[in-house]
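Everything below concerns the one structure shown next.
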Amino acid sequence: MTRPTIYALATAPGRAGVAVMRVSGPEAGPALERLTGERGAPRAARLTRIEGQAGLIDRGLTLWFPAPGSFTGEDVAEFHVHGGPAVIEAMAEAFEAIGLRQAGPGEFTRRAFEHGKMDLTEAEGLADLVNAETAAQRDQALRQMSGALKDIYSDWRDRLLAVTAQVEAEIDFPDESDVPDALAGRAGPELDALVNALKAHLDDAHRGERVRDGYRIALIGPPNAGKSSLLNRLSRREAAIVTEIPGTTRDIVEVHLNLGGYPVIVADTAGLRETADRIEAEGVRRALERAENADLRIGVADAADPQTAEAVRSRLKSDDILVWNKCDAAPARQDESIHISALTGEGVEALEADLTRRVTSVLGGAGAPSLTRQRHRRGVLRALEALERGRMRLSDAPELAGEDLRLAARALEEITGRVDVEDVLGEIFGRFCIGK
(Lines give C-alpha, C1' and ligand atoms only; values in the text may rest on other atoms or scores of the structure.)
Protein backbone atom coordinates (compact mmCIF):
# COMPACT_ATOMS: atom_id res chain seq x y z
CA MET A 1 0.00 0.00 0.00
CA THR A 2 1.29 3.45 -0.92
CA ARG A 3 2.26 5.50 2.09
CA PRO A 4 0.26 8.76 2.37
CA THR A 5 1.98 12.05 1.68
CA ILE A 6 2.09 14.26 4.74
CA TYR A 7 2.54 17.98 5.34
CA ALA A 8 3.10 20.20 8.37
CA LEU A 9 4.33 23.58 9.50
CA ALA A 10 8.01 22.97 10.30
CA THR A 11 8.57 26.30 12.04
CA ALA A 12 7.00 27.58 15.24
CA PRO A 13 3.32 28.53 15.07
CA GLY A 14 2.32 32.18 15.24
CA ARG A 15 3.33 35.27 13.31
CA ALA A 16 6.84 35.26 11.87
CA GLY A 17 8.78 36.70 8.96
CA VAL A 18 9.06 33.30 7.31
CA ALA A 19 7.21 30.01 7.80
CA VAL A 20 8.36 26.68 6.38
CA MET A 21 5.76 24.16 5.21
CA ARG A 22 7.24 20.69 4.68
CA VAL A 23 5.76 17.94 2.50
CA SER A 24 7.03 14.33 2.44
CA GLY A 25 5.87 11.30 0.47
CA PRO A 26 5.22 10.09 -3.07
CA GLU A 27 2.97 13.06 -3.91
CA ALA A 28 5.47 15.72 -2.81
CA GLY A 29 6.68 16.30 -6.38
CA PRO A 30 3.20 16.48 -7.93
CA ALA A 31 2.11 18.82 -5.11
CA LEU A 32 4.99 21.13 -5.94
CA GLU A 33 3.96 21.11 -9.60
CA ARG A 34 0.29 21.70 -8.79
CA LEU A 35 1.01 24.72 -6.59
CA THR A 36 3.93 26.33 -8.46
CA GLY A 37 3.89 24.89 -12.00
CA GLU A 38 7.18 22.94 -11.78
CA ARG A 39 9.43 21.10 -9.36
CA GLY A 40 12.63 23.00 -10.08
CA ALA A 41 16.19 21.72 -9.81
CA PRO A 42 16.95 19.43 -6.83
CA ARG A 43 18.17 21.21 -3.70
CA ALA A 44 18.00 24.66 -5.32
CA ALA A 45 15.89 27.46 -3.85
CA ARG A 46 13.45 28.97 -6.35
CA LEU A 47 11.38 32.14 -5.94
CA THR A 48 7.96 31.48 -7.38
CA ARG A 49 4.21 32.13 -7.20
CA ILE A 50 2.29 29.67 -5.05
CA GLU A 51 -1.33 29.27 -6.13
CA GLY A 52 -4.21 27.23 -4.78
CA GLN A 53 -7.68 26.63 -6.17
CA ALA A 54 -8.80 30.12 -5.11
CA GLY A 55 -5.82 31.86 -6.69
CA LEU A 56 -2.55 33.33 -5.46
CA ILE A 57 -1.56 32.33 -1.93
CA ASP A 58 1.90 33.92 -1.69
CA ARG A 59 5.23 34.46 -3.40
CA GLY A 60 7.92 32.43 -1.71
CA LEU A 61 10.86 30.07 -2.01
CA THR A 62 10.43 26.39 -2.81
CA LEU A 63 12.95 23.56 -2.59
CA TRP A 64 12.76 20.07 -4.06
CA PHE A 65 14.56 17.09 -2.44
CA PRO A 66 14.04 13.88 -4.44
CA ALA A 67 14.41 10.58 -2.59
CA PRO A 68 16.60 9.30 -1.09
CA GLY A 69 18.54 12.55 -0.67
CA SER A 70 16.19 14.14 1.84
CA PHE A 71 15.64 14.30 5.59
CA THR A 72 13.00 11.57 5.55
CA GLY A 73 14.48 9.50 2.71
CA GLU A 74 11.29 10.15 0.72
CA ASP A 75 10.51 12.81 -1.87
CA VAL A 76 10.32 16.08 0.08
CA ALA A 77 9.20 19.57 -0.91
CA GLU A 78 9.53 22.69 1.21
CA PHE A 79 7.57 25.92 0.84
CA HIS A 80 9.15 28.98 2.50
CA VAL A 81 6.31 31.49 2.74
CA HIS A 82 5.50 34.59 4.74
CA GLY A 83 4.65 33.62 8.31
CA GLY A 84 1.22 35.18 8.75
CA PRO A 85 -1.67 32.98 9.98
CA ALA A 86 -3.71 33.63 6.82
CA VAL A 87 -0.90 32.42 4.54
CA ILE A 88 -0.28 29.31 6.65
CA GLU A 89 -3.99 28.47 6.74
CA ALA A 90 -4.29 28.92 2.97
CA MET A 91 -1.29 26.63 2.41
CA ALA A 92 -2.84 23.95 4.61
CA GLU A 93 -6.13 24.21 2.69
CA ALA A 94 -4.27 23.88 -0.61
CA PHE A 95 -2.47 20.76 0.60
CA GLU A 96 -5.70 19.19 1.84
CA ALA A 97 -7.42 19.98 -1.47
CA ILE A 98 -4.90 17.89 -3.40
CA GLY A 99 -5.12 14.93 -1.01
CA LEU A 100 -2.26 15.47 1.43
CA ARG A 101 -2.64 14.58 5.12
CA GLN A 102 -1.42 16.68 8.05
CA ALA A 103 1.49 14.97 9.83
CA GLY A 104 1.31 13.79 13.43
CA PRO A 105 3.94 14.56 16.08
CA GLY A 106 7.36 13.27 15.06
CA GLU A 107 6.09 11.67 11.86
CA PHE A 108 8.79 13.20 9.63
CA THR A 109 11.55 11.96 11.95
CA ARG A 110 9.92 8.56 12.25
CA ARG A 111 9.97 8.22 8.48
CA ALA A 112 13.64 9.22 8.52
CA PHE A 113 14.28 6.42 11.02
CA GLU A 114 12.27 3.91 8.97
CA HIS A 115 14.26 4.81 5.84
CA GLY A 116 17.59 4.31 7.62
CA LYS A 117 18.52 7.99 7.83
CA MET A 118 19.12 7.72 11.58
CA ASP A 119 18.82 5.24 14.41
CA LEU A 120 16.64 5.71 17.49
CA THR A 121 19.38 7.29 19.61
CA GLU A 122 20.09 9.84 16.86
CA ALA A 123 16.36 10.59 16.55
CA GLU A 124 16.16 11.16 20.30
CA GLY A 125 19.20 13.41 20.06
CA LEU A 126 17.37 15.46 17.45
CA ALA A 127 14.37 15.80 19.76
CA ASP A 128 16.67 16.91 22.59
CA LEU A 129 18.32 19.48 20.32
CA VAL A 130 14.94 21.01 19.46
CA ASN A 131 14.18 21.29 23.20
CA ALA A 132 17.67 22.35 24.35
CA GLU A 133 17.69 25.49 26.52
CA THR A 134 21.31 25.57 27.68
CA ALA A 135 24.70 25.17 26.04
CA ALA A 136 25.32 21.84 27.78
CA GLN A 137 22.00 20.44 26.59
CA ARG A 138 22.74 21.60 23.06
CA ASP A 139 26.23 20.07 23.05
CA GLN A 140 24.99 16.76 24.44
CA ALA A 141 22.11 16.61 21.94
CA LEU A 142 24.41 17.39 19.00
CA ARG A 143 26.79 14.68 20.10
CA GLN A 144 24.02 12.11 20.34
CA MET A 145 22.40 13.23 17.09
CA SER A 146 25.78 12.77 15.39
CA GLY A 147 25.84 9.10 16.37
CA ALA A 148 28.03 9.06 19.51
CA LEU A 149 25.80 6.60 21.40
CA LYS A 150 25.00 4.61 18.27
CA ASP A 151 28.70 4.05 17.65
CA ILE A 152 29.23 2.70 21.18
CA TYR A 153 26.28 0.30 21.09
CA SER A 154 27.04 -0.85 17.55
CA ASP A 155 30.65 -1.60 18.50
CA TRP A 156 29.55 -3.63 21.52
CA ARG A 157 27.03 -5.51 19.40
CA ASP A 158 29.61 -6.35 16.75
CA ARG A 159 32.04 -7.62 19.40
CA LEU A 160 29.27 -9.71 20.96
CA LEU A 161 28.37 -11.25 17.62
CA ALA A 162 32.02 -12.12 17.01
CA VAL A 163 32.24 -13.92 20.37
CA THR A 164 28.90 -15.63 19.71
CA ALA A 165 30.31 -16.94 16.44
CA GLN A 166 33.25 -18.43 18.36
CA VAL A 167 30.89 -20.12 20.81
CA GLU A 168 28.76 -21.61 18.06
CA ALA A 169 31.84 -22.76 16.13
CA GLU A 170 33.17 -24.59 19.18
CA ILE A 171 29.79 -26.29 19.69
CA ASP A 172 29.35 -27.31 16.04
CA PHE A 173 32.99 -28.12 15.23
CA PRO A 174 34.83 -29.16 18.40
CA ASP A 175 38.52 -30.04 18.16
CA GLU A 176 40.45 -32.66 20.12
CA SER A 177 41.00 -30.37 23.08
CA ASP A 178 38.59 -29.85 25.94
CA VAL A 179 35.96 -27.68 24.29
CA PRO A 180 34.65 -25.71 27.33
CA ASP A 181 38.11 -24.86 28.65
CA ALA A 182 39.39 -23.91 25.21
CA LEU A 183 36.35 -21.75 24.62
CA ALA A 184 36.69 -20.00 27.98
CA GLY A 185 40.33 -19.27 27.24
CA ARG A 186 39.59 -17.67 23.89
CA ALA A 187 36.27 -15.90 24.49
CA GLY A 188 36.50 -15.15 28.19
CA PRO A 189 38.85 -12.13 28.06
CA GLU A 190 36.72 -10.39 25.41
CA LEU A 191 33.56 -10.98 27.43
CA ASP A 192 35.29 -9.65 30.56
CA ALA A 193 36.26 -6.52 28.64
CA LEU A 194 32.67 -6.05 27.45
CA VAL A 195 31.29 -6.53 30.96
CA ASN A 196 33.66 -3.85 32.28
CA ALA A 197 32.75 -1.49 29.43
CA LEU A 198 29.01 -1.81 30.08
CA LYS A 199 29.49 -1.32 33.84
CA ALA A 200 31.58 1.81 33.27
CA HIS A 201 28.89 3.16 30.93
CA LEU A 202 26.22 2.65 33.59
CA ASP A 203 28.37 4.09 36.39
CA ASP A 204 27.96 7.70 35.27
CA ALA A 205 25.98 9.12 38.22
CA HIS A 206 23.15 9.73 35.73
CA ARG A 207 25.11 12.65 34.31
CA GLY A 208 23.52 12.54 30.84
CA GLU A 209 19.99 12.37 32.24
CA ARG A 210 20.73 15.27 34.58
CA VAL A 211 22.04 17.40 31.71
CA ARG A 212 18.95 16.57 29.69
CA ASP A 213 16.32 16.91 32.45
CA GLY A 214 18.00 19.34 34.84
CA TYR A 215 20.05 19.18 38.05
CA ARG A 216 17.57 19.36 40.95
CA ILE A 217 18.12 21.50 44.04
CA ALA A 218 15.68 21.67 46.97
CA LEU A 219 15.47 24.57 49.41
CA ILE A 220 14.47 23.28 52.86
CA GLY A 221 14.17 24.84 56.27
CA PRO A 222 11.72 26.11 58.87
CA PRO A 223 8.95 28.61 58.08
CA ASN A 224 10.05 32.21 57.58
CA ALA A 225 13.73 31.30 57.21
CA GLY A 226 13.76 33.04 53.83
CA LYS A 227 13.54 30.14 51.36
CA SER A 228 11.07 31.89 49.08
CA SER A 229 13.05 35.13 49.20
CA LEU A 230 16.19 33.22 48.25
CA LEU A 231 14.34 31.54 45.37
CA ASN A 232 13.28 34.93 44.09
CA ARG A 233 16.85 36.22 44.35
CA LEU A 234 18.24 33.26 42.40
CA SER A 235 15.56 33.50 39.70
CA ARG A 236 15.73 37.32 39.58
CA ARG A 237 11.94 37.53 39.59
CA GLU A 238 9.01 37.22 41.97
CA ALA A 239 8.53 33.49 41.46
CA ALA A 240 7.25 32.73 44.99
CA ILE A 241 4.93 34.63 47.31
CA VAL A 242 6.76 36.11 50.31
CA THR A 243 4.93 37.13 53.49
CA GLU A 244 5.63 37.19 57.23
CA ILE A 245 2.88 34.60 57.79
CA PRO A 246 4.37 31.17 58.60
CA GLY A 247 3.21 28.45 56.19
CA THR A 248 2.70 30.76 53.22
CA THR A 249 4.45 28.28 50.92
CA ARG A 250 2.44 25.05 50.93
CA ASP A 251 3.14 23.58 47.52
CA ILE A 252 6.41 23.23 45.65
CA VAL A 253 7.44 26.21 43.53
CA GLU A 254 10.07 25.55 40.85
CA VAL A 255 12.30 27.87 38.85
CA HIS A 256 14.65 26.90 36.03
CA LEU A 257 18.15 28.37 36.07
CA ASN A 258 21.10 28.25 33.70
CA LEU A 259 24.27 27.87 35.77
CA GLY A 260 27.49 27.62 33.81
CA GLY A 261 25.56 26.43 30.77
CA TYR A 262 23.85 23.60 32.67
CA PRO A 263 20.11 23.35 33.41
CA VAL A 264 19.22 23.60 37.09
CA ILE A 265 15.78 23.30 38.71
CA VAL A 266 15.49 24.95 42.14
CA ALA A 267 12.45 24.04 44.24
CA ASP A 268 11.09 26.14 47.09
CA THR A 269 9.30 23.90 49.59
CA ALA A 270 6.98 24.25 52.54
CA GLY A 271 8.52 25.21 55.87
CA LEU A 272 9.38 22.17 58.01
CA ARG A 273 7.37 22.10 61.22
CA GLU A 274 4.69 20.14 63.05
CA THR A 275 1.24 21.40 62.05
CA ALA A 276 -2.39 20.44 62.51
CA ASP A 277 -3.34 22.06 59.21
CA ARG A 278 -3.94 19.19 56.78
CA ILE A 279 -3.00 21.23 53.72
CA GLU A 280 0.22 22.52 55.25
CA ALA A 281 1.04 19.01 56.52
CA GLU A 282 0.75 17.71 52.98
CA GLY A 283 3.08 20.50 51.88
CA VAL A 284 5.63 19.41 54.50
CA ARG A 285 5.36 15.79 53.33
CA ARG A 286 5.99 16.87 49.73
CA ALA A 287 8.90 19.04 50.86
CA LEU A 288 10.59 16.09 52.54
CA GLU A 289 9.97 13.88 49.52
CA ARG A 290 11.41 16.47 47.13
CA ALA A 291 14.42 16.96 49.40
CA GLU A 292 15.09 13.23 49.51
CA ASN A 293 15.00 12.93 45.69
CA ALA A 294 16.98 16.10 44.95
CA ASP A 295 20.56 16.08 43.69
CA LEU A 296 21.46 18.77 46.24
CA ARG A 297 19.74 20.25 49.25
CA ILE A 298 20.21 23.81 50.49
CA GLY A 299 19.21 24.16 54.12
CA VAL A 300 18.12 27.70 54.93
CA ALA A 301 18.35 28.77 58.59
CA ASP A 302 17.55 32.08 60.23
CA ALA A 303 20.80 33.64 61.46
CA ALA A 304 18.86 35.39 64.21
CA ASP A 305 17.36 32.09 65.45
CA PRO A 306 20.23 29.55 65.59
CA GLN A 307 18.12 26.95 67.47
CA THR A 308 16.27 26.18 64.24
CA ALA A 309 19.48 25.19 62.48
CA GLU A 310 19.76 21.76 64.13
CA ALA A 311 16.49 20.59 62.59
CA VAL A 312 17.76 21.77 59.21
CA ARG A 313 21.14 20.06 59.62
CA SER A 314 19.43 16.74 60.35
CA ARG A 315 17.84 16.83 56.88
CA LEU A 316 21.09 17.53 55.03
CA LYS A 317 23.59 15.06 53.59
CA SER A 318 27.36 15.35 53.68
CA ASP A 319 27.73 17.34 50.44
CA ASP A 320 24.72 19.61 50.99
CA ILE A 321 24.84 23.34 51.82
CA LEU A 322 23.74 25.13 54.97
CA VAL A 323 22.90 28.79 54.39
CA TRP A 324 22.46 31.32 57.19
CA ASN A 325 19.97 33.91 55.96
CA LYS A 326 19.20 37.38 57.33
CA CYS A 327 22.86 38.12 58.02
CA ASP A 328 21.99 41.80 57.66
CA ALA A 329 20.09 41.54 60.96
CA ALA A 330 22.40 39.18 62.88
CA PRO A 331 26.16 38.76 63.33
CA ALA A 332 27.92 36.28 61.02
CA ARG A 333 28.53 32.87 62.54
CA GLN A 334 32.07 31.47 62.75
CA ASP A 335 31.62 28.26 60.78
CA GLU A 336 31.92 26.97 57.22
CA SER A 337 28.34 27.85 56.32
CA ILE A 338 27.40 30.45 53.72
CA HIS A 339 25.98 33.73 55.02
CA ILE A 340 23.49 35.69 52.92
CA SER A 341 20.75 38.24 53.09
CA ALA A 342 17.97 37.35 50.68
CA LEU A 343 16.49 40.77 51.46
CA THR A 344 19.51 42.84 50.40
CA GLY A 345 21.21 40.31 48.12
CA GLU A 346 24.38 40.16 50.21
CA GLY A 347 26.18 36.84 49.75
CA VAL A 348 23.77 35.55 47.10
CA GLU A 349 26.30 36.04 44.32
CA ALA A 350 28.84 33.92 46.24
CA LEU A 351 26.21 31.23 46.80
CA GLU A 352 25.37 31.23 43.09
CA ALA A 353 29.07 30.91 42.23
CA ASP A 354 29.38 27.94 44.59
CA LEU A 355 26.33 26.29 43.03
CA THR A 356 27.75 26.84 39.54
CA ARG A 357 31.04 25.24 40.59
CA ARG A 358 29.23 22.22 42.07
CA VAL A 359 26.95 21.72 39.07
CA THR A 360 29.83 22.06 36.61
CA SER A 361 31.90 19.58 38.61
CA VAL A 362 29.09 16.99 38.63
CA LEU A 363 27.76 17.42 35.10
CA GLY A 364 30.89 18.54 33.26
CA GLY A 365 33.47 16.36 31.60
CA ALA A 366 34.40 15.44 28.07
CA GLY A 367 34.58 11.67 28.46
CA ALA A 368 32.56 9.01 26.70
CA PRO A 369 28.96 9.92 25.78
CA SER A 370 26.56 9.44 28.69
CA LEU A 371 23.22 7.72 28.85
CA THR A 372 20.49 10.30 28.36
CA ARG A 373 17.32 8.27 28.89
CA GLN A 374 15.99 5.55 31.16
CA ARG A 375 15.17 3.56 28.02
CA HIS A 376 18.88 3.38 27.20
CA ARG A 377 19.80 2.52 30.78
CA ARG A 378 17.30 -0.34 30.92
CA GLY A 379 18.60 -1.73 27.63
CA VAL A 380 22.24 -1.63 28.75
CA LEU A 381 21.28 -3.26 32.08
CA ARG A 382 19.50 -6.10 30.26
CA ALA A 383 22.53 -6.55 28.02
CA LEU A 384 24.86 -6.59 31.03
CA GLU A 385 22.77 -9.16 32.91
CA ALA A 386 22.66 -11.48 29.89
CA LEU A 387 26.35 -10.96 29.25
CA GLU A 388 27.33 -11.85 32.83
CA ARG A 389 25.18 -14.98 32.70
CA GLY A 390 26.82 -16.00 29.46
CA ARG A 391 30.28 -15.42 30.90
CA MET A 392 29.55 -17.70 33.87
CA ARG A 393 28.12 -20.45 31.63
CA LEU A 394 30.94 -20.35 29.13
CA SER A 395 32.95 -23.18 30.75
CA ASP A 396 30.17 -25.62 31.61
CA ALA A 397 27.19 -24.82 29.34
CA PRO A 398 28.38 -23.21 26.10
CA GLU A 399 24.99 -23.77 24.43
CA LEU A 400 23.27 -21.67 27.09
CA ALA A 401 26.10 -19.14 26.99
CA GLY A 402 25.54 -18.64 23.28
CA GLU A 403 21.87 -17.88 23.85
CA ASP A 404 22.72 -15.38 26.60
CA LEU A 405 25.11 -13.57 24.27
CA ARG A 406 22.41 -13.35 21.60
CA LEU A 407 20.04 -11.87 24.20
CA ALA A 408 22.68 -9.30 25.15
CA ALA A 409 23.17 -8.32 21.51
CA ARG A 410 19.42 -8.03 21.02
CA ALA A 411 19.10 -5.71 24.04
CA LEU A 412 21.66 -3.37 22.44
CA GLU A 413 19.89 -3.60 19.08
CA GLU A 414 16.63 -2.53 20.72
CA ILE A 415 18.27 0.67 21.96
CA THR A 416 19.30 1.68 18.44
CA GLY A 417 16.21 0.24 16.73
CA ARG A 418 18.01 -2.41 14.70
CA VAL A 419 15.32 -4.92 15.67
CA ASP A 420 11.56 -4.56 15.79
CA VAL A 421 10.70 -2.11 18.58
CA GLU A 422 7.23 -1.10 17.44
CA ASP A 423 6.00 -0.87 21.04
CA VAL A 424 8.40 1.99 21.81
CA LEU A 425 8.25 3.92 18.54
CA GLY A 426 4.96 5.60 19.34
CA GLU A 427 6.25 6.74 22.73
CA ILE A 428 9.49 8.10 21.28
CA PHE A 429 8.17 9.96 18.25
CA GLY A 430 4.91 11.03 19.89
CA ARG A 431 6.93 13.47 22.02
CA PHE A 432 8.25 15.35 19.00
CA CYS A 433 6.67 18.56 17.84
CA ILE A 434 4.43 18.44 14.77
CA GLY A 435 6.50 19.21 11.67
CA LYS A 436 9.62 17.42 12.88
Side-chain angles (χ1 to χ4, degrees), residues 205-207 209-235 239-243 245-260 262-303 305-326 333 335-340 342 347-348 350-363 374:
H206 296 260
R207 186 177 71 86
E209 291 150 284
R210 286 169 163 178
V211 170
R212 178 175 176 267
D213 299 327
Y215 183 88
R216 295 186 172 273
I217 298 175
L219 303 179
I220 60 173
N224 281 17
K227 300 182 299 297
S228 298
S229 297
L230 176 56
L231 183 82
N232 291 343
R233 277 286 176 183
L234 291 172
S235 65
I241 297 173
V242 176
T243 74
I245 303 172
T248 298
T249 301
R250 298 190 172 195
D251 208 348
I252 295 171
V253 180
E254 291 185 343
V255 297
H256 292 247
L257 305 181
N258 183 338
L259 297 181
Y262 294 94
V264 175
I265 302 170
V266 182
D268 179 24
T269 63
L272 304 180
R273 65 170 179 174
E274 296 293 331
T275 176
D277 187 308
R278 291 175 57 190
I279 298 177
E280 186 179 356
E282 174 62 17
V284 171
R285 186 195 68 79
R286 294 186 183 187
L288 294 174
E289 182 180 50
R290 174 58 62 91
E292 181 62 30
N293 295 326
D295 299 310
L296 176 72
R297 285 144 293 276
I298 299 178
V300 182
D302 187 340
D305 186 11
Q307 288 78 12
T308 62
E310 291 309 311
V312 178
R313 290 183 192 273
S314 67
R315 301 291 182 181
L316 300 181
K317 300 182 181 180
S318 59
D319 293 331
D320 291 338
I321 300 174
L322 177 64
V323 170
W324 290 99
N325 187 32
K326 306 182 183 180
R333 307 188 64 81
D335 57 24
E336 298 300 320
S337 304
I338 295 176
H339 300 81
I340 70 166
V348 174
L351 172 62
E352 192 173 273
D354 184 50
L355 292 177
T356 301
R357 178 187 59 77
R358 289 169 178 256
V359 171
T360 302
S361 174
V362 171
L363 302 186
Q374 280 297 317

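Here the structure is a predicted model, which means the values were calculated and not measured. Values reported hereafter were calculated over all heavy atoms of this structure, with side chains retained and with hydrogens, waters and symmetry mates removed.
H206 is not listed as a side-chain neighbour of R212, based on a closest heavy-atom distance of 4.5 Å or more. Inter-residue side-chain proximity for L257 and I217 is flagged as unmet; no heavy-atom pair is nearer than 4.5 Å. The shortest side-chain heavy-atom distance between V266 and L231 falls under the 4.5 Å cut-off. Taking the side chain as every heavy atom from C-beta outward, V348 and L234 approach each other to under 4.5 Å. Here the side chains of N232 and D268 are not in contact, with every heavy-atom distance at 4.5 Å or above.
Remark: side-chain polar atoms of R216 are not paired, donor with acceptor, to backbone N or O of I265 under 3.5 angstrom. In terms of modelled atom types and a separation under 3.5 Å, the side chain of R358 and the main chain of D319 share a donor-acceptor contact. Looking at K227, its side chain does come within 3.5 Å of a backbone N or O of P222 through a donor-acceptor pair.
E292 meets the side chain to side chain donor-acceptor pair (under 3.5 Å) test with no other residue; sequence neighbours excluded. E289 meets the side-chain contact (heavy atoms from CB on, under 4.5 Å) test with R285, N293; sequence neighbours excluded. Legend: residues meeting side-chain contact (heavy atoms from CB on, under 4.5 Å) with N258, ordered by chain and number and at least two apart, are T134. Residues meeting the side chain to side chain donor-acceptor pair (under 3.5 Å) test with R290, sequence neighbours left out: E254. R210 pairs by the side chain to side chain donor-acceptor pair (under 3.5 Å) definition with D295, not counting sequence neighbours. Every residue was checked against the salt bridge (Lys or Arg N to Asp or Glu O under 4.0 Å) condition with R233, not counting sequence neighbours, and none meets it. By the side-chain contact (heavy atoms from CB on, under 4.5 Å) test, D320 is found to be paired with L296, R297, L316, K317, residues two or more places apart in sequence or in another chain being considered. For D213, the side chain to side chain donor-acceptor pair (under 3.5 Å) test picks out no residue, with sequence neighbours left out.
The shortest non-hydrogen separation linking V359 to Y262 is CG1-CB, 3.7 Å. The two residues G299 and V312 make their nearest non-hydrogen contact at CA-CG1, 3.4 Å. Residues P263 and V211 share a closest heavy-atom pair of CG-O, 3.0 Å. Annotation for G226 and N325: closest pair CA-ND2, 3.4 Å, computed over non-hydrogen atoms.
Between R286 and E282, at least one side-chain nitrogen of the basic residue sits less than 4.0 Å from a carboxylate oxygen of the acidic one, meeting the salt-bridge criterion.
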Could you go step by step and tell me if I321 and L355 meet the side-chain contact (heavy atoms from CB on, under 4.5 Å) rule?
-> CA-CA 9 Å; I321 300 174; L355 292 177; 3.7 Å; yes
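Note that CZ of R357 and CG of L259 are 12.5 Å apart. Values are rounded to the nearest 0.5 Å.
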